[in-house]
Amino acid sequence: MEEWLEGQVVKNIKWTKNLASLKLKAKINNHQAGQFTRIGLKVNDDFITRSYSYASAPKDELLEIIYVNIPNGKLSPILHNLKIGDKVSVMQQAIGYFTLDEIPDGENLWMLATGTALGVFLAILKTSPPWKRFKKIILIHSVRYAEELIYQDLIAEMKQLYPDQFIYLNSVTRSKVKGSFNFRIPEGLSSKKFQESTQIEINEDSQFMICGNPEMIKETTEVLKSFGLNKNRRAKPGNITVERYWV
Ligand code: NAP
């Protein structure tokens, strides 16, 4: 049975008109970086819930999620109006298996995200295991517009901490931006532009974690399969691990 507890809003950061991060104080059970939760609110007589990955690491004092305000949505417009001190329900126990424990060993770890899915990778990168296990970590974030390239301070800190190990690339698909690519993730891989830019080959020693737009996940998986990589399953380990929180 799902157990809920009360969370208190500490910050509601508005990055753009509809892209935001919510920081909460709540005494949830221990969880692993990469897991997600559900946020719930009573709307009239209904209890409306939605899933969100934690962008915060397990050691962080506050819980953090990234959300898109969908103006005619049921829950997100209410989240968007939350003020400091307001209450929301949050699940006591985090859920999901998109965690580093599920990723087989390899040389390089590629983390591919669209939009709000960046958060789950930040949570994992705020912990030490990925840095101990992989030679290079390549984080690729694809967004529609430049203002959606969020958490740049945190990413800059990671670059400073791991200058030889961490590579961050981004792609802004609906406008031309200096320093950013201008194509979708599957194209960046199939054209080998990401491989050229990072000087890193994709082979059986590569591990991929993919999260975000369901169509991106599908198309990227196909490209990676064409390179000879396979889905990672507990029964049959492979190179491609995906998270489908956005259904
Ligand atoms: P988005 O539309 O998925 O765009 C983010 C990036 O993904 C863009 O660079 C986009 O490229 C790319 N993309 C879209 N379809 C792709 C595909 N088939 N293959 C490869 N790349 C693809 O997401 P967003 O900008 O974060 O949010 C926009 C809308 O998504 C929101 O209004 C909301 O409805 C929905 N959303 C829902 C949830 C949820 O949990 N339900 C979460 C996030 C967003 P292009 O610019 O070329 O399309």
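Numbering of ligands and ligand atoms starts at 1, following listing order.
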In terms of atom number and element, which parts of ligand 1 are under 4.0 angstrom from non-hydrogen atoms of [X]?
{"X": "S142", "result": "5 (C), 6 (C), 8 (C), 9 (O)"}
{"X": "T173", "result": "8 (C), 9 (O), 10 (C), 11 (O), 45 (P), 46 (O), 47 (O)"}
{"X": "T116", "result": "42 (C), 43 (C)"}
{"X": "R174", "result": "45 (P), 46 (O), 48 (O)"}

What residues form a side-chain contact (heavy atoms from CB on, under 4.5 Å) with A33, not counting sequence neighbours?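 side-chain contact (heavy atoms from CB on, under 4.5 Å) list for A33, sorted by chain: P58, A123, I124, T127.
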So, using side-chain contact (heavy atoms from CB on, under 4.5 Å) as the criterion, who are the partners of L154 when residues are at least two apart?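 Only L122, K126, Y151, E157, M158 meet the side-chain contact (heavy atoms from CB on, under 4.5 Å) criterion with L154.
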Closest candidate by heavy atom, reference atom 7 (O) of ligand 1, pool N69, T114, N213, N182: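 The nearest heavy atom belongs to T114.
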Kindly identify the option in I185, N170, V68 whose heavy atom sits closest to atom 32 (O) of ligand 1.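 Among I185, N170, V68, the closest heavy atom to atom 32 (O) of ligand 1 belongs to V68.
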Is the shortest heavy-atom distance from the side chain of V120 to the side chain of Y52 under 4.5 Å?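 Heavy-atom side-chain distance check fails, nothing below 4.5 Å.
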Is it true that [Y] and [X] share a donor-acceptor pair across their side chains at a distance under 3.5 Å?
{"X": "S206", "Y": "N108", "answer": "no"}
{"X": "S51", "Y": "R38", "answer": "yes"}
{"X": "Q152", "Y": "Y168", "answer": "yes"}

Check each heavy atom of [X] against ligand 1 and say whether those closer than 4.0 Å belong to the side chain, the backbone, both or neither.
{"X": "M216", "value": "both"}
{"X": "R184", "value": "side chain"}
{"X": "E215", "value": "both"}
{"X": "V143", "value": "backbone"}
{"X": "P186", "value": "side chain"}

Counting the benzene-type ring for Trp, do F194 and F181 have ring centres under 6.0 Å apart?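 When the ring centroids of F194 and F181 are compared, they turn out to be within the sub-6.0 Å range.
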Lys/Arg N to Asp/Glu carboxylate O, E102 vs R234, below 4.0 Å: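 Answer for the salt bridge query: yes.
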Any nitrogen or oxygen of E148 lying under 3.5 Å from a nitrogen or oxygen in ligand 1? Just yes or no.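 No, E148 has no N/O under 3.5 Å of an N/O on ligand 1.
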